[in-house]
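Read the structure below first, then the notes.
Predicted, not measured: the structure shown is a model, and the values here were computed from it. Only heavy atoms go into these numbers, but all of them, side chains included; no hydrogens, no water, no symmetry mates.
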Amino acid sequence: MTGTMEGFSWKLFLLSCLVVVESLAQDFGQTQFICTSVPKDMDLCTATMQNSGPAEDLKSTIIQLRETVLQQKETIVNQKETIRELTSKLSRCESQSLPAAAGPGGRRPGSKNTMGDVSRGTTDTLAQLGQTLQTLKQRLENLEQYSRGNNTVQANSLKDLLQNKIDDMEKQVLSRVNTLEETKSGSRNDSEQRNRVESTLTSLHHRITDLEKGKDTRPTDKFQITFPLRTNYMYAKAKKSLPEMYSFTVCLWIKSNASPGVGTPFSYAVPGQANELVLIEWGNNPMEILINDKVAKLPFLINDGKWHHLCITWTTRDGMWEAFQDGVKRGSGENLAPYHPIKPEGVLVLGQEQDTLGGGFDATQAFVGELANLNIWNKKLSITEIYNLATCNSKASTGDVFSWTESNIEVFGGATKWTFEPCRSAN
């Protein structure tokens with residue numbers, strides 16, 4: 001029985017050798033047989049491993065390499081699939097995202113949807129609208145500068161491109177606002193938004209029309225500044241400071257229907273005193289004038305959405321002041337910062353109240369509306385002089401310490417300049 005088992009073991013071992021040899025022959029080409037004596041009591045598998053030689057090592061290495069290659073191939077396939085998915089997602093995102101930056105002449109290559117994805121909220125739409133209108137405003141100002149300098153082909157070409165841009169933008173903006181109104185029917189905010197958009201586009205058309213009719217020599221004082229939103233970044237600033245003043249008159253045209261309070265039409269700050277001279281209507285309080293942080297309430301009623309002419313006079317002696325609306329004296333008082341001269345070397349800002357010199361703006365105190373013809377004199381004007389200003393009399397004077405001209409004022413944050421003629425444009 002023992003002999004039989006030994007014979008069977010040898011046969012099994014020889015069969016295994018044949019399988020290994022056949023496999024090696026397939027993987028390594030020609031082979032040769034090597035006979036090795038094995039002790040009788042040694043395990044056959046152990047003997048086989050000990051005597052397999054470099055061929056087995058090579059085969060093992062090749063198998064490992066083959067497995068590695070297969071794994072790498074599978075990884076590459078997975079990566080290709082991932083790349084395809086990402087590419088597909090990117091394409092979908094690009095088709096839904098905002099259009100590319102404007103190319104030459106204001107055209108946006110590859111898309112006409114200047115308002116972005118329809119699914120965007122009202123806030124995003126308003127932000128994009130503000131950016132679009134700001135860009136268009138800057139291009140229009142460039143056009144006017146071209147036209148004023150000369151009537152070149154470049155100016156006419158730019159004018160045509162801007163007109164096309166306006167027509168294209170008008171359709172898209174109104175379409176977007178209509179969409180917002182449909183999704184929020186009856187919303188007062190959406191209705192007000194639509195009115196602001198239509199008003200802005202109408203003003204754009206009028207401005208282009210004026211240029212096309214040859215009105216390219218607009219007087220430098222015939223403009224208004226519009227502050228459409230209550231923000232802490234939209235404002236205008238005078239390029240020079242005020243001198244020391246022992247009396248003054250400040251006059252301006254103003255239009256607003258903001259509630260509560262129209263905000264801060266202008267503020268003048270000096271080092272060490274942010275409220276050196278401020279005109280403000282904040283919250284439900286009446287309009288006030290501040291001089292050296294001292295306050296007087298003014299009898300003005302202006303938040304009816306109509307143009308009004310305001311004038312305020314003041315003298316340091318006894319702090320006497322007078323207030324005029326539309327050429328008519330509405331009130332007066334005294335003891336407003338008496339014997340305190342208005343200090344020089346300050347910063348005059350329109351549309352914002354300053355908490356620090358030239359900054360520290362608070363959106364809740366920002367002006368919303370339109371301003372024009374802000375003039376400041378270092379003297380007290382007479383009632384007749386003020387009436388002439390309110391009625392646009394040809395005898396009306398301009399400020400001797402600050403006059404309303406485009407070269408004296410720069411705008412920031414989206415505030416815009418539009419053509420304005422007092423009395424003719426009013427209401």
Q: May I ask you to decide if Gly346's main-chain N or O and Tyr268's side chain share a donor-acceptor pair within less than 3.5 Å?
A: yes
Q: Search all heavy atoms of Phe227 against all heavy atoms of Tyr235 and return the closest pair with its distance.
A: CE2-CA, 3.7 Å
Q) Can you name the nearest heavy-atom pair linking Cys423 to Ala390, along with the distance? A) SG-O, 3.8 Å
Q: Any chance you could lay out the side-chain contact (heavy atoms from CB on, under 4.5 Å) test for Val349 and Phe266, step after step, and finish with the verdict?
A: CA-CA 6 Å; Val349 169; Phe266 71 84; over 6 Å; no
Q: Flag the pair Ile312 / Leu310 as yes when at least one side-chain heavy-atom distance between them is below 4.5 Å, and no otherwise.
A: no
**Q.** Spatial distance of atom CD (Glu276) from atom CD (Gln354) [nearest 0.5 Å]
**A.** 11.0 Å
Q) Taking 4.0 angstrom as the limit, do Lys239 and Glu410 come out as a salt bridge? A) no
Q | Taking every non-hydrogen atom, the tightest pair across Ala323 and Leu298 | A | CB-CD2, 4.3 Å
Q: Please check if any side-chain donor atom of Thr264 sits under 3.5 Å from a side-chain acceptor atom of Gln365, or the reverse.
A: no
**Q.** Sidechain-backbone polar pair: Arg230 side chain, Ala366 backbone, donor-acceptor under 3.5 Å
**A.** yes
Q: Walk me through it: do Leu279 and Met287 pass the test side-chain contact (heavy atoms from CB on, under 4.5 Å)?
A: CA-CA 7 Å; Leu279 183 64; Met287 184 167 281; 3.7 Å; yes
Q.
For Tyr233 together with Phe412, are the ring centres under 6.0 Å from each other?
A. no
Q) For the residue pair Leu389 and Trp253, what are the closest heavy atoms and their distance? A) O-CZ2, 4.2 Å
Q.
How about CD on Glu345, more than 12 heavy atoms from neighbouring residues, nucleotides or ligands closer than 6.0 Å, or not?
A. no
Q. Stepwise, does the side-chain contact (heavy atoms from CB on, under 4.5 Å) test hold for Val262 with Val368?
A. CA-CA 6 Å; Val262 302; Val368 179; over 6 Å; no
Q: Find out whether Leu336 and Glu334 are in side-chain contact, i.e. whether some heavy atom of one side chain is under 4.5 Å from a heavy atom of the other.
A: no
Q) Given side chains that start at C-beta, do those of Ile383 and Ile386 come closer than 4.5 Å, heavy atoms only? A) no
(Q) Could you go through Asn292 and Asn275, starting from their C-alpha distance and side-chain angles, then the distance that decides it, and tell me whether this counts as side-chain contact (heavy atoms from CB on, under 4.5 Å)? (A) CA-CA 6 Å; Asn292 191 33; Asn275 296 327; over 6 Å; no
Q: Please tell me if the side chains of Asp355 and Phe361 come closer than 4.5 Å, counting only heavy atoms from C-beta onward.
A: no
Q: Supply the atom-to-atom distance Met234 CE to Leu350 CG, rounded to the nearest 0.5 angstrom.
A: 14.0 Å
Q) Without hydrogens or angle criteria, can the side chains of Asn393 and Thr391 be said to hold a donor-acceptor pair below 3.5 Å? A) no
**Q.** Short side-chain donor-acceptor distance under 3.5 Å, Asn378 and Tyr246
**A.** no
Q: Nearest 0.5 Å please: distance from the OG1 atom of Thr226 over to the CD atom of Glu370.
A: 4.0 Å
Q: With the side chain counted from C-beta on, respond yes when Lys237 and Ile409 share a heavy-atom pair under 4.5 Å apart, and no when they do not.
A: no
Q | Min side-chain heavy-atom separation Trp377-Val250 under 4.5 Å | A | no
Q. Are the side chain of Ser256 and the backbone N or O of Ala258 linked by a donor-acceptor pair below 3.5 Å?
A. yes
Q. Roughly how far, to the nearest 0.5 Å, is CD1 of Ile289 from CH2 of Trp314?
A. 9.5 Å
(Q) Strictly distance-based, threshold 3.5 Å: is any side-chain N or O of Thr316 a donor or acceptor partner for the main-chain N or O of Tyr339? (A) yes
Q | Under-4.0 Å salt bridge between Arg330 and Glu322 | A | no
Q) Taking the side chain as C-beta and beyond, is there a heavy-atom pair between Thr220 and Trp404 under 4.5 Å? A) no
Q: Could you tell me whether the side chain of Asp304 and the main chain of Lys306 form a donor-acceptor pair under 3.5 Å?
A: yes
Q | Distance in Å, Thr249 OG1 paired with Asn375 CG, rounded so as to fall on 0.5 Å steps | A | 11.0 Å
Q | No-hydrogen, no-angle side-chain donor-acceptor test under 3.5 Å, His340 and Gln273 | A | no
Q. Does Lys297 pair with Glu288 as a salt bridge, N-O distance under 4.0 Å?
A. yes
Q: State, yes or no, whether a side-chain contact exists between Asn373 and Leu252 at a heavy-atom distance under 4.5 Å.
A: no
Q) Is there a donor in the side chain of Tyr387 and an acceptor in the side chain of Ser382, or the other way round, less than 3.5 Å apart? A) no
(Q) Once you measure the plane-to-plane angle for Trp307 and Phe420, does it fall in the parallel (<30°), tilted (30-60°) or perpendicular (>60°) bin? (A) tilted
Q.
Give me the atom names and distance for the closest heavy-atom approach of Lys222 to Pro422.
A. CD-CD, 4.2 Å
Q. Within the side chain of Asp318, is there an N or O that forms a donor-acceptor pair under 3.5 Å with the backbone of Met320?
A. no
Q. Out of curiosity, Thr313 OG1 to Lys379 NZ, how far, rounded to the nearest 0.5 Å?
A. 13.0 Å
Q. Does Gln352 reach the main-chain N or O of Thr231 with its side chain, forming a donor-acceptor pair under 3.5 Å?
A. yes
Q | Closest approach of Ile225 to Val411 (non-hydrogen atoms, all atoms of both residues) | A | CD1-CG1, 4.0 Å
Q.
Side chains of His309 and Asp326: any donor to acceptor distance under 3.5 Å?
A. no
